[in-house]
Number of protein chains: 2
Amino acid sequence: MQIRSASRDFKQQKVVAVTRKDQVYTILRQAIISSQLAPGEAIRKEVVAAQLGVSRTPVSDAINRLADEGLVEIYPQTGTFVARLWLEKIETAQFVRVALETAAIRRTTEQLTPETLEWMQQNLEQQRHAAAHREFEHFYELDEALHDMISDAAGLVGLREIASRERSQIDRVRRLLLHYEARMAETLVEHEAIIAAIADRDADRAAKTMETHISQMGRMLLHLRDKRPELFKS
Amino acid sequence: MQIRSASRDFKQQKVVAVTRKDQVYTILRQAIISSQLAPGEAIRKEVVAAQLGVSRTPVSDAINRLADEGLVEIYPQTGTFVARLWLEKIETAQFVRVALETAAIRRTTEQLTPETLEWMQQNLEQQRHAAAHREFEHFYELDEALHDMISDAAGLVGLREIASRERSQIDRVRRLLLHYEARMAETLVEHEAIIAAIADRDADRAAKTMETHISQMGRMLLHLRDKRPELFKS
DNA sequence: CGTTGGTATGTAACATGTTAGATGTTGCGA
DNA sequence: TCGCAACATCTAACATGTTACATACCAACG
């Protein structure tokens with residue numbers, strides 16, 4: 001008993017705990033980012049629990065995590081809602097994204113392996129194919145994978161998870177904007193420029209490319225707010 | 001509802017949160033960062049719940065949040081433990097901190113108000129005083145406040161919360177290292193250099209200062225690992 | 001003596017009942 | 001008609017009972 005509570009040399013297990021709350025979290029997050037659950041929509045824990053065949057506990061746990069992530073808003077004793085888009089917060093998320101990814105690129109360029117570059121260029125090739133065939137969902141997956149590669153290539157434990165988390169607001173917006181046809185082409189061009197800059201070991205150019213891209217996104221966002229104000233806060 | 005004052009194991013503090021789980025979270029987080037709860041130590045939910053006079057539910061909620069933050073590790077059906085220090089993760093946290101704060105400084109220098117600068121310099125003056133009198137706890141609070149100012153000065157909604165969250169690993173280490181007497185003086189010098197750079201609108205210099213400081217911290221960490229290996233993972 | 005498997009134990013995960021509080025409605029009185 | 005208070009209703013927060021599972025222990029067996 002004392003041996004257990006002391007737990008000095010606890011065996012570390014690398015197992016990915018596949019608990020119910022994790023599953024619920026993944027399902028809900030996916031639904032929110034893909035706008036299957038629309039911004040502002042109410043989430044009834046009881047209903048979700050019934051639909052997924054679990055009790056309210058794992059649903060509450062998952063929703064708490066989503067609240068920390070800024071994807072839902074919980075009003076105590078009142079209700080839980082999918083977070084509306086909030087321009088100021090999206091701006092902050094963009095700032096964080098640029099800061100992290102440009103710093104990651106800076107680090108990556110110092111220790112870039114040919115294999116990593118090869119992977120990125122393969123991903124780009126697939127993006128071109130997806131864009132040419134207007135496969136939005138597939139393009140989006142490749143997009144996400146590329147960003148993960150950039151985070152991973154810096155060689156820092158856990159950086160991908162942090163970057164991914166802070167990107168979630170943006171991911172939701174990106175996914176909405178991707179359906180503007182021109183957007184996918186623009187995104188592809190930007191990605192190509194970034195990878196080219198990495199290949200040239202030119203982090204400054206990559207950073208600049210990313211920043212200009214962001215201002216583009218800002219304009220599209222204002223356009224979206226005019227067309228669908230119900231998705232936005234205040 | 002009262003988080004019982006009978007909880008002598010935890011330092012009493014101002015609790016601004018409204019719900020019980022927020023209060024428990026704040027108390028536990030404070031206890032972990034201040035090393036009142038040591039790395040590797042087991043956390044018994046039931047015991048914590050009893051000590052704070054609440055049920056297991058808000059304790060579990062708080063611990064889940066701390067797990068997301070990387071301050072505790074939950075092993076399902078086995079136990080919950082205060083996370084040990086892990087050099088690789090600390091390195092990642094340092095990377096994130098530098099990336100965010102230098103980017104924030106870059107932004108701040110473009111829109112710095114005399115009031116903000118005045119606040120920072122006042123804070124510095126208090127730090128000098130605290131350092132001169134070896135007031136570790138007070139110095140630490142001022143340190144944290146200065147970082148918050150830097151985040152806030154960028155004028156981005158929610159940035160402070162993100163930066164604070166990603167800094168929590170580092171804060172724990174800083175607090176341990178602060179008790180090396182020389183450390184406080186070094187930290188003060190670094191802060192002075194950063195503020196001076198901001199005042200000069202020289203973000204590059206601030207960034208460089210920060211990075212050199214980090215390598216210093218890395219050395220002290222290795223030293224700490226030799227002296228107290230039980231605090232570290234692997 | 002080392003290995004194995006059954007079992008005891010303790011924990012987080014999960015289920016479900018209860019409480020407090022926020023909100024919306026209605027009805028009464030001015 | 002308007003103000004407002006009592007109340008009905010709904011929700012998340014909270015409490016607590018139950019289950020599944022990871023681990024430790026120990027005895028039986030090779």
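Throughout, protein chains are lettered first and strands after them, A, B, ... in sequence-line order, and every chain is numbered starting at 1. Computed over heavy atoms, backbone and side chain alike; hydrogens, waters and symmetry mates excluded.
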Item to complete: Could you check B/Glu46 against A/Ser55 and say which one's nearest nucleotide on DNA chain C is further toward the 5' end?
Response: B/Glu46
Discussion item. Counting the atoms with a prime plus P, OP1 and OP2 as sugar-phosphate, which does A/Arg56 contact under 4.0 Å by heavy atoms, base, sugar-phosphate, or nothing?
Written reply: base
Worksheet item: At under 4.0 Å between heavy atoms, what does A/Thr78 touch on the DNA or RNA strands: base, sugar-phosphate, or nothing?
Response: sugar-phosphate
Discussion item. At 4.0 Å (heavy atoms only), tell me whether A/Ile43 reaches a base, stays on the sugar-phosphate, or touches nothing.
Written reply: sugar-phosphate
Item to complete: Classify the side chain of B/Thr57 versus the base of D/dA15 as yes if they form a donor-acceptor pair under 3.5 Å and no if they do not.
Response: yes
Discussion item. Just N and O in the side chain of B/Lys21: are any of them under 4.0 Å from OP1 or OP2 of D/dA12?
Written reply: no
Worksheet item: To the nearest angstrom, how far is B/Phe81 atom CZ from D/dA22 atom C1'?
Response: 11 Å
Item to complete: Indicate yes or no for a side-chain donor-acceptor contact from B/Glu141 to the backbone of B/His138 under 3.5 Å, with no hydrogens or angles considered.
Response: no
Fill in: Under-4.0 Å side-chain N/O to phosphate OP1/OP2 contact, B/Arg20 with D/dC14
yes
Worksheet item: CG of B/Asp61 versus P of C/dA13: gap in Å, rounded?
Response: 11 Å
Worksheet item: What is the distance, rounded to the nearest whole Å, between atom CG of B/Asn64 and atom P of C/dC14?
Response: 10 Å
Worksheet item: How many Å lie between CD1 on A/Ile74 and C1' on D/dA13, as a whole number?
Response: 10 Å
Practice prompt. Map A/Val54 and A/Gln77 onto DNA chain C by nearest heavy atom, then report which one ends up closer to the 5' terminus.
Written response: A/Val54
Worksheet item: Of B/Pro58 and A/Arg44, whose nearest nucleotide on DNA chain D comes first from the 5' end?
Response: A/Arg44
Worksheet item: Any Lys/Arg nitrogen of A/Glu101 or A/Arg106 sitting under 4.0 Å from an Asp/Glu carboxylate oxygen of the other?
Response: no
Item to complete: Pick base, sugar-phosphate or nothing for B/Thr80, based on heavy-atom distances below 4.0 Å to the nucleic acid.
Response: sugar-phosphate
Worksheet item: Could A/Asp22 and A/Arg65 be called an ion pair, given the rule that one side-chain N must be under 4.0 Å from one carboxylate O?
Response: yes
Worksheet item: Quick one: A/Glu73 CD to D/dA13 P, roughly how many Å, whole number?
Response: 13 Å
Worksheet item: Atom CG of B/Asp22 and atom C1' of D/dA12: how far apart are they, to the nearest Å?
Response: 13 Å
Fill in: Aromatic plane relationship, A/Phe139 with A/His191 - under 30° parallel, 30 to 60° tilted, over 60° perpendicular
parallel
Worksheet entry | Salt bridge A/Arg167-A/Asp148, side-chain N to carboxylate O under 4.0 Å | yes
